Amino acid sequence: MASSLFTKILLGPRSIHTSSFLTHHSPILSSFITKRLFSVRAVPTSTVYTKSTCWSPCMASSVVSRRATYSTRSAPTNEPVVTVDWLYDNLKEPDIKVVDASWYMPDEQRNPIQEYQVAHIPGALFFDVDGIADRTTNLPHMLPSEEAFAAAVSALGIQNKDDLVVYDGKGLFSAARVWWMFRVFGHDRIWVLDGGLPRWRASGYDVESSASSDAILKASAASEAIEKVYQGQAVGPITFETKFQPQLVWTLEQVTKNIEEKSHQHVDARGKPRFDGIAPEPRKGIRSGHVPGSKCIPFAQMLDGSQSLLPADELKKRFDQEGISLENPVVTSCGTGVTACILALGLHRLGKTDVPVYDGSWTEWGAHPDTPVDTTAAQAQ
C-alpha cells in the first residue's frame, strides 16, 4: 500500500501546486527522505510549479531550425557554460547526463530535494551538495575523499565517458560548486547550464514535476555510499575513476603561506559588508573580516540580471576594477566554498582554467583562533 501510494506521488500529475502537494504527501515524503537522505523543510508555499504546455507549431519550427546548429559535437571546449537551447537539443543524447545541484543558504528556508521532486529538467539526477561531502569534519560540504566521491558518483550512475551539464534552482549558484568538484577529481567534460532552471523554464521547456523512484533511489544510494566509505565498509561497483587535481583546491595552510609569499591574488566572493567586517557572519562563532591582503569581488558581479554568466569583456572589467591581473595566479574563497566557484567559473571564461578554490573558506578561517583577520576599521587606523 505504501509502495503503491509512493509511486503515485512520484509519478502522478505533472502540474502541481506546491502547498497542496506537500499538505497531502509531505508525511510520506518526509519519512522516506529523512530515512534515506536527510531532513526536510517545507518548500515556500507561494511557489507554483507547473509543467510547460507551450508546444506549438511555432516552437516546433524553432526547435527544428536550432537542431541544424546545435549538436553534441558543438559542445564548447573552451567555455564553462552551455545555453538552455543547446541542452534542449541534446537532452536525449546517450552520453549526456543532467545534474540538479541545487543548494540554498540555511536562512532561505528552501529544501532542494523537495523542489527537485516538484520540478526538474527531464531525466536530471540529484546531487546532494551537503551529502556528497567529507564526513570527518564539522565544516559544511567540504570535498570528500577521492574514494568517497567515486563511490557516490558511481551510485548516481555517472561514468567517465559522460558529458555532464549541471544546473541549480537559482540560475547560477551552487551548480558552479559541483562543476568545480568534478574538475578537482579530474572530470573536465562538465558544463554549467547558464541561467539554470529559471532560464530553462522561462524558455518554455518542459520540466518533470516529480522524481522517478529510480532517481530517488540513486540519490539515496550515493548518500549511503559516502557513509560506507567513511566507515570503512565495502561499496558497490565503481564506474567513475577519479584523478585528483591538487592545483585546483587550497587548504588553510596554503592561504596562510600566501599572506607572506603573495604568489596568488586572493579574491573573496562574499558581500562587501561581510568582507569589511561591518556585517556579522551568518554562522555563529565566526569572526567578521577578511584574509589580510585579499580583495573583494562579490559573486553577484559575475552575473547579469537573469543570473547568467556575464560576457568575457564585462567579466574582465570586474576584475580590472579591483586591480586583479589576469596575467598572475588567482585563488578564490567565500563563506563555505560555494560562491567562490562562481568566481572560478568567470575566470575560466576569461581563459584562467587553473584557479584554485579555498575549500574551507571563511567558515574555517574565521572560526580558527590563530588566523589573522583584517577589517576595514582596522585598516583605517
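Please read all numbers here as calculations on a predicted model, not as lab measurements.
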Greater than 12 external heavy atoms within 6.0 Å of [X]'s [atom1]:
X: E260; atom1: CD; result: no
X: D313; atom1: CG; result: yes
X: K284; atom1: NZ; result: no
X: K228; atom1: NZ; result: no

At their closest point, which heavy atom of [X] faces which heavy atom of [Y], and how far apart are they?
X: C341; Y: V357; value: SG-CG2, 4.1 Å
X: P356; Y: W250; value: CB-CD1, 3.5 Å
X: A101; Y: S174; value: O-OG, 2.7 Å
X: Q265; Y: N328; value: NE2-O, 3.2 Å
X: A222; Y: A152; value: CB-O, 3.5 Å

Modelled atom types, side-chain donor and acceptor of [X] and [Y], under 3.5 Å:
X: T371; Y: R287; answer: yes
X: H290; Y: D374; answer: no
X: Y104; Y: R110; answer: yes
X: D85; Y: Y205; answer: yes
X: N258; Y: S263; answer: yes

Cluster question for you: counting only ILVMFWY and a side-chain heavy-atom cut-off of under 4.5 Å, with indirect links fine, are [X] and [Y] together?
X: I297; Y: L303; answer: yes
X: V235; Y: L143; answer: no
X: I342; Y: L350; answer: yes
X: V373; Y: V331; answer: yes
X: L310; Y: V330; answer: yes

Partners meeting side-chain contact (heavy atoms from CB on, under 4.5 Å) with N160 (sequence neighbours left out):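 Per chain and number, N160 pairs via side-chain contact (heavy atoms from CB on, under 4.5 Å) with F240, E241.
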Ring geometry between F244 and F185 (parallel below 30°, tilted from 30 to 60°, perpendicular above 60°):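 If you compare the ring of F185 with that of F244, the planes turn out tilted.
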Aromatic plane relationship, F182 with F127 - under 30° parallel, 30 to 60° tilted, over 60° perpendicular: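 Geometry flag for F182 against F127: tilted rings.
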Evaluation steps, side-chain contact (heavy atoms from CB on, under 4.5 Å), between Y167 and V192: CA-CA 6 Å; Y167 74 90; V192 172; over 6 Å; no
Rounded distance (nearest 0.5 Å) linking atom [atom1] of [X] with atom [atom2] of [Y]:
X: K295; Y: T332; atom1: NZ; atom2: OG1; answer: 15.0 Å
X: D163; Y: E93; atom1: CG; atom2: CD; answer: 9.5 Å
X: H348; Y: L315; atom1: NE2; atom2: CG; answer: 13.0 Å

Sole candidate of L87, L193, V166 that passes side chain to side chain contact (heavy atoms under 4.5 Å, CB included) when paired with V98: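 Checked L87, L193, V166 against V98; only one passes side chain to side chain contact (heavy atoms under 4.5 Å, CB included): L87.
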Side chains of [X] and [Y]: closer than 4.5 Å at any heavy-atom pair?
X: C334; Y: F299; value: no
X: V99; Y: I158; value: yes
X: W365; Y: P372; value: yes

I121/D100 under side-chain contact (heavy atoms from CB on, under 4.5 Å): CA gap, chis, key distance, verdict: CA-CA 8 Å; I121 293 174; D100 184 322; over 6 Å; no
Intermediate values then yes/no, side-chain contact (heavy atoms from CB on, under 4.5 Å), K170 and E108: CA-CA 11 Å; K170 294 188 76 169; E108 293 182 85; 3.1 Å; yes
Whether S223 side chain and G131 backbone form a donor-acceptor pair below 3.5 Å: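 Checking the backbone N and O of G131 against the side chain of S223, no donor-acceptor pair under 3.5 Å is found.
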L164 backbone acceptor or donor facing D162 side chain under 3.5 Å: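 A pair under 3.5 Å: no.
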Test: K257 and E253 ion pair at under 4.0 Å: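 A salt bridge is absent here (no side-chain N lies under 4.0 Å from a carboxylate O).
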Ion pair D354/R183, N-O distance below 4.0 Å: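 Here D354 does not pair with R183 in a salt bridge, since their nearest N and O are not under 4.0 Å apart.
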Pairs satisfying ring pair (Phe, Tyr, Trp, His ring centres under 6.0 Å), at least one member in residues 311-347, at least two apart: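 Every pair satisfying ring pair (Phe, Tyr, Trp, His ring centres under 6.0 Å) with a residue in residues 311-347: there are none.
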Worked verdict on D107 versus R283 for salt bridge (charged side-chain N to carboxylate O under 4.0 Å, His left out): CA-CA 10 Å; D107 61 357; R283 290 173 173 81; over 6 Å; no
Pair L343-D268, side-chain contact (heavy atoms from CB on, under 4.5 Å): steps then yes or no: CA-CA 9 Å; L343 295 185; D268 191 323; over 6 Å; no
Geometric cation-pi criterion, R270 with W362: 6.0 Å, 45°: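 Positive - R270 is close enough to the ring of W362 and near enough to its axis.
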